[in-house]
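As the structure is a computational prediction, the values presented were derived from the model and not from experiment. Computed over heavy atoms, backbone and side chain alike; hydrogens, waters and symmetry mates excluded.
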Amino acid sequence: MIITGLIAYSAFDKIALFALSKLYDFDISYKNMVREKQVGFVFENLRIMNKKMGLGFYSQRATLKPVWKTNFLKTINFDFKFKDVHFIKGREEKLKTKYDTLSELVAIPFEGRWTYKEISGHAEIFSNGLTLKKFSANGKEIRLTLSGDIFYNNAVEAEISIYFSKEVLKDVPPELHSVIMRDEPDEWKSFSVKLKGNLNSPSIQVSGKLFRLNIGTVVMN
């Protein structure tokens, strides 16, 4: 663990990426990688998949900038910025045309059909998972902010705010988004949730317009 962390910070070349992928069970591939002094490590066509979680992403251009912290021997910290991004899953997705439940609404941003112009934030990788801070995803149809912990055993404890454009809202029953969502500029709507538990069936706490709703375990397909 310590040796891998030191290699990653000092070199971050193919050997370091291979070590990281084995240690944390990531599948990492890319077309090209260069090191730019002020920016960090720049990748073309970067694809990262966590095999245990069955979730990853693809970015046409990605920048990773290692951040030194006092606990660098135990964790790996870096700022990231991804351009032209979409999420990918380990299993085949079923294309949905209607979103009738709260769990389906929460899962919408992570469907592979959405492209985000930019995703940025800070990540801290530790032995059992990762912490995301200041995570922000900006797309034409969906925007997303997130902070919290995601563990490799599929446990999650995170706060998420999701913003939907009017194009996406066409597939959401009016009685659903009119109750739990807030009005945003340009006919967008948003809502915030807290997720805790198994990533595939977490408990959800919804912060609505005039209320707070606690929902027990729900299934996220």
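The cluster map of Ile, Leu, Val, Met, Phe, Trp and Tyr, joined by side-chain heavy atoms under 4.5 Å apart, puts Val85 and Ile28 in the same cluster. The cluster map of Ile, Leu, Val, Met, Phe, Trp and Tyr, joined by side-chain heavy atoms under 4.5 Å apart, puts Phe78 and Tyr30 in the same cluster. Transitive grouping of hydrophobic side chains (ILVMFWY, heavy atoms separated by less than 4.5 Å) brings Ile160 and Ile150 into a common cluster. The hydrophobic cluster containing Leu64 does not contain Val42, counting ILVMFWY residues as joined when their side-chain heavy atoms lie under 4.5 angstrom apart, directly or transitively. Cluster annotation: Phe41 is connected to Ile48 through the hydrophobic network of ILVMFWY side chains, with a link wherever side-chain heavy atoms come within less than 4.5 Å.
Side-chain contact, Tyr116 with Asp84: no donor N or O sits under 3.5 Å from an acceptor N or O.
The salt bridge (charged side-chain N to carboxylate O under 4.0 Å, His left out) search around Glu184 returns none, not counting sequence neighbours. Looking at residues two or more places apart in sequence or on another chain, you find a ring pair (Phe, Tyr, Trp, His ring centres under 6.0 Å) between Phe80 and Phe82. Lys83 meets the salt bridge (charged side-chain N to carboxylate O under 4.0 Å, His left out) test with Glu118; sequence neighbours excluded. Qualifying side-chain contact (heavy atoms from CB on, under 4.5 Å) partners for Asp100, counting only residues two or more places apart in sequence or in other chains: Lys98, Glu104, Pro173. Residues that satisfy the salt bridge (charged side-chain N to carboxylate O under 4.0 Å, His left out) test with Arg47, not counting sequence neighbours, are Asp27.
A side-chain contact (heavy atoms from CB on, under 4.5 Å) with Asn77 is found for one member of Ile125, Thr131, Val67 and no other, namely Val67.
For the atom pair Arg61 CZ and Asn32 CG, the distance stands at 10.5 Å (nearest 0.5 Å). In this structure, Ser147 OG and Glu157 CD are separated by 10.5 Å, a value rounded to the nearest 0.5 Å. Residue Asp186 holds its CG atom at 10.5 Å from OG of Ser165, rounded to the nearest 0.5 Å. Atoms NE2 and CD, on His122 and Glu124 in that order, are 6.0 Å from each other to the nearest 0.5 Å. Here the CD atom belonging to Glu159 is positioned 8.5 Å from the OG atom belonging to Ser192, to the nearest 0.5 angstrom. Here the OH-NZ distance, from Tyr163 to Lys189, works out to 14.0 Å after rounding to the nearest 0.5 Å.
In this structure, Phe110 has its ring center under 6.0 Å from that of Phe87.
Phe43 and Met33 get closest at one heavy-atom pair: CE2-SD, 3.2 Å. Glu187 and Leu169 get closest at one heavy-atom pair: O-CD1, 4.1 Å. For the pair Leu105 and Met181, the tightest heavy-atom approach, listed with the atom from each and the gap, is CD1-CE, 3.9 Å. Minimum heavy-atom separation, Lys31 to Asn45: CD-ND2, 3.4 Å.
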N/O donor to acceptor pairs below 3.5 angstrom from side-chain atoms of residues 135-146, sequence neighbours left out:
none

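By the 4.5 Å heavy-atom criterion applied to side chains, Ile108 and Trp114 are counted as neighbours.
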* To do: With side chain to side chain contact (heavy atoms under 4.5 Å, CB included) as the test, would you mind laying out the steps for Ile162 and Phe191 before giving the verdict?
  => CA-CA 6 Å; Ile162 307 171; Phe191 75 106; 4.2 Å; yes
* Checking side chain to side chain contact (heavy atoms under 4.5 Å, CB included) for the pair Phe164/Tyr99: CA distance, chi angles, key distance, verdict? -> CA-CA 12 Å; Phe164 298 108; Tyr99 302 92; over 6 Å; no
* Does the side chain to side chain contact (heavy atoms under 4.5 Å, CB included) test come out yes or no for Met49 and Ile88, once each step is laid out? -> CA-CA 8 Å; Met49 168 68 75; Ile88 51 179; 3.8 Å; yes
